[in-house]
Amino acid sequence: MVKSFNERCYDLLRRVPRGRVTTYGEIARGLGCSAFRAVGNAMNKNPYAPEVACHRVVGADGKIGGFASGCEHKIELLKMEEVEVVDGKVVDFEDKFFRFRVPKTL
DNA sequence: CTAATGACATTTG
DNA sequence: ACAAATGCCATTA
């Protein structure tokens, strides 16, 4: 059996170093698709937690979005990773935004 | 297989 | 800028 979509999401999430954040769309894009919805679904289930750092995943606008254990807790975890969060949004989000190896036209 | 859902993203009013 | 509506893809019931 090939790795399911969720496993691939977690695999990319594992590549995200501490102090960095990524978005659902980037993860889906890294998988070669645009299933940002499916990515969020995988995080919510998170059968691989806490091995995966699902708290490092935020919205396209750097917004926290939500968290299975409470968005507040997610912010606390991010602050623990040197990631400042204000008004439910990541500070310098684009600066801390971790991009995967996406074969884009550049 | 069909229907419903979801921690999103994008476009329009 | 914000709210609502629509699109999107995969998973689960």
Side-chain angles (χ1 to χ4, degrees):
Chain A
M1 165 183 171
V2 199
K3 289 189 176 187
S4 300
F5 189 87
N6 316 51
E7 288 196 35
R8 291 185 247 189
C9 301
Y10 308 136
D11 192 50
L12 286 173
L13 216 37
R14 273 184 187 178
R15 295 183 193 189
V16 180
R18 165 185 154 305
R20 292 266 192 271
V21 289
T22 186
T23 72
Y24 302 92
E26 203 57 38
I27 293 174
R29 202 168 292 190
L31 297 175
C33 300
S34 311
F36 18 70
R37 307 289 297 274
V39 175
N41 252 340
M43 300 297 107
N44 187 324
K45 277 132 197 207
N46 203 1
Y48 286 71
E51 199 171 319
V52 269
C54 33
H55 62 264
R56 287 184 198 149
V57 187
V58 295
D61 289 319
K63 206 155 185 168
I64 301 301
F67 199 55
S69 308
C71 43
E72 301 289 324
H73 190 223
K74 181 171 180 178
I75 294 170
E76 292 292 298
L77 289 170
L78 288 170
K79 287 193 166 189
M80 237 166 72
E81 305 269 317
E82 296 276 296
V83 180
E84 299 176 65
V85 179
V86 178
D87 194 47
K89 286 174 290 187
V90 178
V91 180
D92 296 314
F93 157 67
E94 296 186 19
D95 188 57
K96 295 180 164 107
F97 182 38
F98 180 87
R99 292 185 175 180
F100 301 104
R101 293 305 214 55
V102 185
K104 263 174 66 178
T105 51
L106 52 100

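Please read these numbers as outputs of a predicted model, since none were measured by experiment. Each chain gets a letter, A, B and so on, in the order the sequences are listed, and its residues count up from 1. Note that these values count all heavy atoms, side chains included, but never hydrogens, waters or copies made by symmetry.
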Asks: Using atom types as modelled and distance alone, determine if a side-chain donor or acceptor of A:Tyr10 lies under 3.5 Å from a backbone N or O of A:Cys54.
Replies: no
Asks: Under 4.0 Å from a heavy atom of chain A: give me the 5'-most and 3'-most nucleotides of DNA chain C that qualify.
Replies: C:dG7 to C:dT12
Asks: If you take all heavy atoms of A:Phe98 and A:Arg15, which pair is closest and at what distance?
Replies: CZ-O, 3.7 Å
Asks: Once the angle between the rings of A:His73 and A:Phe67 is folded into 0 to 90°, is it parallel (under 30°), tilted (30 to 60°) or perpendicular (over 60°)?
Replies: tilted
Asks: Counting only N and O atoms by type, is there a donor-acceptor contact under 3.5 Å from the side chain of A:Lys89 to the main-chain atoms of A:Ile64?
Replies: no
Asks: Below 4.0 angstrom, N of the basic side chain to O of the carboxylate: do A:Asp61 and A:Lys63 qualify?
Replies: no
Asks: Under 4.0 Å between a side-chain nitrogen and a carboxylate oxygen: does that hold for A:Glu81 and A:Arg56?
Replies: yes
Asks: Walk along nucleotides 3-13 of chain B from 5' to 3' and tag each nucleotide B, S or - by protein heavy-atom contact under 4.0 Å, base first, then sugar-phosphate.
Replies: --BBBBS----
Asks: A:Ala60 and A:Thr23: which non-hydrogen atoms are nearest, and at how many Å?
Replies: CA-CG2, 4.1 Å
